[in-house]
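The block underneath contains the structure these notes are about, expressed in C-alpha cells.
Residue numbers run from 1 in the order of the sequence given.
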Amino acid sequence: MTKSEGHEARRTDVRVSIIGGHRMGGAVIQERTLTVSLVGGADIDLTDVDIPDGAEIRITKLSLVGGVKLRVRPNVRVKVGGIRLGGVSDEGPSEPGGPTVRVDAWGLVGGVRVERD
C-alpha cells in the first residue's frame with residue numbers, strides 16, 4: 001500500500017556508538033527507535049510524549065554491556081522482551097487498552113529499569 005492510500009510510512013530512528021550510551025527524550029522519539037552500542041546504555045525519557053491510547057512505541061536496544069533506563073507517565077504500559085543478563089524493574093499498570101511502550105533489550109549484561117513520573 002502506498003502512502004497516498006492513507007497509510008503513513010513508519011519511520012525508525014537509528015543511533016549507533018562504539019562506547020557511550022544514548023540519551024533520548026521528547027520530540028526526538030519516533031514510533032520505532034533502535035540504539036546500538038558495544039558498551040553503553042540507553043536513557044530514554046518519554047514523560048513529555050503524549051502517546052494516544054492503543055498506540056505503541058517500540059524501542060530496541062542492542063549492546064554487549066548496557067541497560068535501559070526508561071521514564072514514562074503512570075498510565076503507560078511497558079512490555080519488555082529480548083535476551084539479556086539483567087532483570088526488569090517495573091511496577092507499572094497492567095490494564096490493557098492504554099498507551100504501550102515495547103522495549104526489546106538484547107545484550108550480555110544490562111537490565112531494564114522503568115520509572116514512572
Query - Heavy-atom side-chain proximity of Ser17 to His22 below 4.5 angstrom - result: yes

Report task. With sequence neighbours excluded, tell me which residues meet salt bridge (Lys or Arg N to Asp or Glu O under 4.0 Å) with Asp50. Result -> Arg73

Requested in this report: With sequence neighbours excluded, tell me which residues meet salt bridge (Lys or Arg N to Asp or Glu O under 4.0 Å) with Asp43.
Outcome: Arg23, Arg71

Using side-chain hydrogen bond (donor to acceptor under 3.5 Å, both in side chains) as the criterion, list what pairs up with [X], not counting sequence neighbours.
X	answer
Thr47	Asp45
Thr100	none
Arg113	none

Measuring from atom [atom1] of [X] to atom [atom2] of [Y], what distance do you get when rounded to the nearest 0.5 angstrom?
X	Y	atom1	atom2	answer
Thr35	Ile44	OG1	CD1	6.0 Å
Arg102	Arg32	CZ	CZ	12.0 Å
Glu115	Leu70	CD	CG	9.0 Å

**Report entry** Any residue meeting side-chain contact (heavy atoms from CB on, under 4.5 Å) with Thr60, in chain and number order, not counting sequence neighbours
**Finding:** Leu34, Leu62, Asp104, Trp106

Requested in this report: Please list, chain by chain and in numerical order, all residues satisfying side-chain contact (heavy atoms from CB on, under 4.5 Å) with Leu108, sequence neighbours excluded.
Outcome: Leu64

Mind listing the closest non-hydrogen atom pair of [X] and [Y] along with its distance?
X	Y	value
Lys61	Gly66	CE-O, 4.5 Å
Glu31	Glu56	CG-O, 3.9 Å
Pro52	Pro99	O-CB, 3.6 Å

Using a 3.5 Å cut-off and no angle test, enumerate the donor-acceptor pairs between side-chain atoms of residues 82-90 and protein atoms at least two apart in sequence or in another chain.
| unit_1 | atom_1 | unit_2 | atom_2 | d |
| --- | --- | --- | --- | --- |
| Arg84 | NH1 | Gly81 | O | 3.4 |
| Arg84 | NH1 | Gly82 | O | 3.2 |
| Asp90 | OD1 | Gly92 | N | 2.9 |
| Asp90 | OD1 | Arg116 | NE | 3.2 |
| Asp90 | OD1 | Arg116 | NH2 | 3.0 |
| Asp90 | OD2 | Arg116 | NH2 | 3.3 |

Query raised in the report: Would Thr33 and Met24 count as a side chain to side chain contact (heavy atoms under 4.5 Å, CB included) if you check the C-alpha gap in whole Å, the side-chain angles of each, and the deciding distance to 0.1 Å?
Result: CA-CA 10 Å; Thr33 300; Met24 295 171 279; 3.7 Å; yes

**Report entry** Val36 with Val68, same ILVMFWY side-chain cluster at under 4.5 Å
**Finding:** no

Report task. Determine, using the 4.5 Å side-chain heavy-atom cutoff (strictly less than), whether Val16 and Ile18 are members of one ILVMFWY cluster. Result -> no

